[in-house]
Amino acid sequence: MAGSKRDAASTVRSFIARTKKRSKGIELDTSLYAEGIGLDSLEVAELSAVLEDELGSDPFSNGQMPETVGEIVAFYDDKPATSP
């Protein structure tokens, strides 16, 4: 089941808050990596698993390597909604 734009953004923000990297000022143009949130490779793998579990798919498993929160959200915007 594809997630909505709001679901994707909320999931990313919740994950970031749980990693205690940063909980405020997360915008669509915020980088996932060093100059932004600062996720390392293990945290990116964890984010991929969380997105898969909560939204049914993730951009990382689909061969994409998003650089920003907005690129993750755009992945779900581009996916057609499906019924459960």
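Reckoned from all heavy atoms, side chains included, excluding hydrogens, waters and symmetry mates. Computed from a predicted model, the values in this text were never measured in an experiment. Counting begins at 1 with the first residue of the sequence.
Looking at F75 and N62, their side chains come closer than 4.5 Å, going by heavy atoms from C-beta outward. Between L32 and V44 the shortest side-chain heavy-atom distance does not fall below 4.5 Å. With contacts defined as side-chain heavy-atom distances shorter than 4.5 Å, the pair T11/F15 does not qualify.
Distance CD1/I72 to CG/L28: 10.5 Å, rounded to 0.5 Å. To the nearest 0.5 Å, the span separating CD on E43 from CZ on R18 amounts to 12.0 Å. Expressed to the nearest 0.5 Å, how far CD1 of I37 lies from CD1 of I26 amounts to 5.0 Å. Once rounded to the nearest 0.5 Å, the distance linking OH of Y76 with CG of D7 reads 10.0 Å.
Remark: T68 pairs with no residue by the side chain to side chain donor-acceptor pair (under 3.5 Å) rule, at least two apart or across chains.
V12 is connected to M65 through a chain of hydrophobic side-chain contacts under 4.5 Å among Ile, Leu, Val, Met, Phe, Trp and Tyr, so both are in one cluster.
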Side chains of residues 46-53: which donor-acceptor partners sit under 3.5 Å, not counting sequence neighbours?
| residue | atom | partner | partner atom | Å |
| --- | --- | --- | --- | --- |
| S48 | OG | D58 | OD2 | 2.7 |

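What you find for R13 and E27 is that their closest heavy atoms are NH2-CA, 4.4 Å.
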